[in-house]
S.K.: 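Below are the structure tokens for one structure; questions will follow.
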Amino acid sequence: MSGMEIASYLMVVVYVISFLAMSAILAKEAGRPVWLFGKGGEKQALPALLFKLAFAGAVIWPLLLAAFGNPVADDPLHAALDGPWYDVLGHLLVVIGACVALLSQRYMGTSWRIGAAEGEQGAIVDSGPFAISRNPVFVGQAVLFIGLFIVLPSLIQAGLTLALLVAIRLQVAIEERVLAASLGQPYLAYRARVRRWLGVIRQLPA
């Protein structure tokens, strides 16, 4: 692994550790568990599994790649995207994604949850990064994984990135239903004002 690839990998490890530590801190501040994947009426087993697979793979796969090499002979993605400029671009995305995700997670404060369950959601957070995205943590995580794929292009890393993106899409749909049912009109108004991923919805004059 090159120096840039090692730096990107270490950034991912730092992010995963920080995510878990921040979740523990916010759970203590809230005085309640924040892990909700096993609660509520919505089935969240699939996105939970995909999240675990993606993040575990992001930590373990680069180590296996460095130790044993790519098991896929003549990997077309590695041949197409390998190079120093791709490493620079990918590393930049990894850093930006990690920072956006962590800052957004901390900004949620005691409203931070992992998963969704009716009656277990915190108050709506609609300022800071949440004023321009309803899901800035997920946006940051997606950017981080895309960056890691660019730094370490391979079919396996592409699969891990796809697993994360599918997990995000499934989980966001679940959370939107739970938030609408639990928080009602205030959340619906927020949803009408701020886009799911990025941007503010232009309000037309009445």
S.K.: Can you tell whether the side chains of Glu42 and Arg177 come within less than 4.0 Å, N to carboxylate O?
M.R.: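 A salt bridge links Glu42 with Arg177.
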S.K.: Quick check: closest heavy atoms across Ser133 and Tyr190, and the distance to 0.1 Å?
M.R.: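 Ser133 and Tyr190 have their closest heavy atoms at O-OH, 3.5 Å.
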S.K.: Considering all heavy atoms of both residues, which atom of Leu198 and which atom of Arg195 are nearest to each other, and what is their separation?
M.R.: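 Leu198 and Arg195 have their closest heavy atoms at O-CD, 3.4 Å.
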S.K.: Donor-acceptor pair, distance only, cut-off 3.5 Å: does the side chain of Asn135 make one with the backbone of Arg196?
M.R.: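 The answer is yes, because a donor-acceptor pair under 3.5 Å joins these two groups.
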S.K.: Could you go through Phe55 and Phe145, starting from their C-alpha distance and side-chain angles, then the distance that decides it, and tell me whether this counts as ring-ring contact (aromatic ring centres under 6.0 Å, His included)?
M.R.: CA-CA 9 Å; Phe55 279 103; Phe145 266 75; 5.1 Å; yes
S.K.: Does any donor atom in the side chain of Tyr187 or Ser182 lie under 3.5 Å from an acceptor atom in the other side chain?
M.R.: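 Short answer, no.
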S.K.: Using salt bridge (charged side-chain N to carboxylate O under 4.0 Å, His left out) as the criterion, list what pairs up with Arg169, not counting sequence neighbours.
M.R.: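 Arg169 satisfies salt bridge (charged side-chain N to carboxylate O under 4.0 Å, His left out) with no residue once adjacent residues are dropped.
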S.K.: Indicate yes or no: does Asp126 engage Arg134 in a salt bridge with an N to O separation below 4.0 Å.
M.R.: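 Here Asp126 does not pair with Arg134 in a salt bridge, since their nearest N and O are not under 4.0 Å apart.
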S.K.: For Glu175, which residues count as a salt bridge (charged side-chain N to carboxylate O under 4.0 Å, His left out) partner, sequence neighbours excluded?
M.R.: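 Here no residue qualifies.
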S.K.: Of all heavy-atom pairs between Leu93 and Ile146, which one has the smallest distance, and what is that distance?
M.R.: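 Taking Leu93 first and Ile146 second, the nearest heavy atoms are CD1-CG2, 4.4 Å.
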S.K.: Would Ser8 and His91 count as having a side-chain donor-acceptor pair, cut-off 3.5 Å?
M.R.: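 There is such a pair between these side chains.
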S.K.: Salt bridge check: are Glu120 and Arg32 linked by an N-O gap of less than 4.0 Å?
M.R.: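 Answer for the salt bridge query: yes.
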S.K.: Go through Phe149 and Tyr86 one step at a time and tell me if the ring-ring contact (aromatic ring centres under 6.0 Å, His included) criterion holds.
M.R.: CA-CA 10 Å; Phe149 165 69; Tyr86 286 114; 9.9 Å; no
S.K.: Side-chain donor-acceptor pair under 3.5 Å between Gln105 and Ser23, yes or no?
M.R.: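 Yes.
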S.K.: Nearest heavy-atom pair of Leu170 and Pro47: which atoms, and what distance?
M.R.: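 Result for this residue pair: CB-CB, 4.2 Å.
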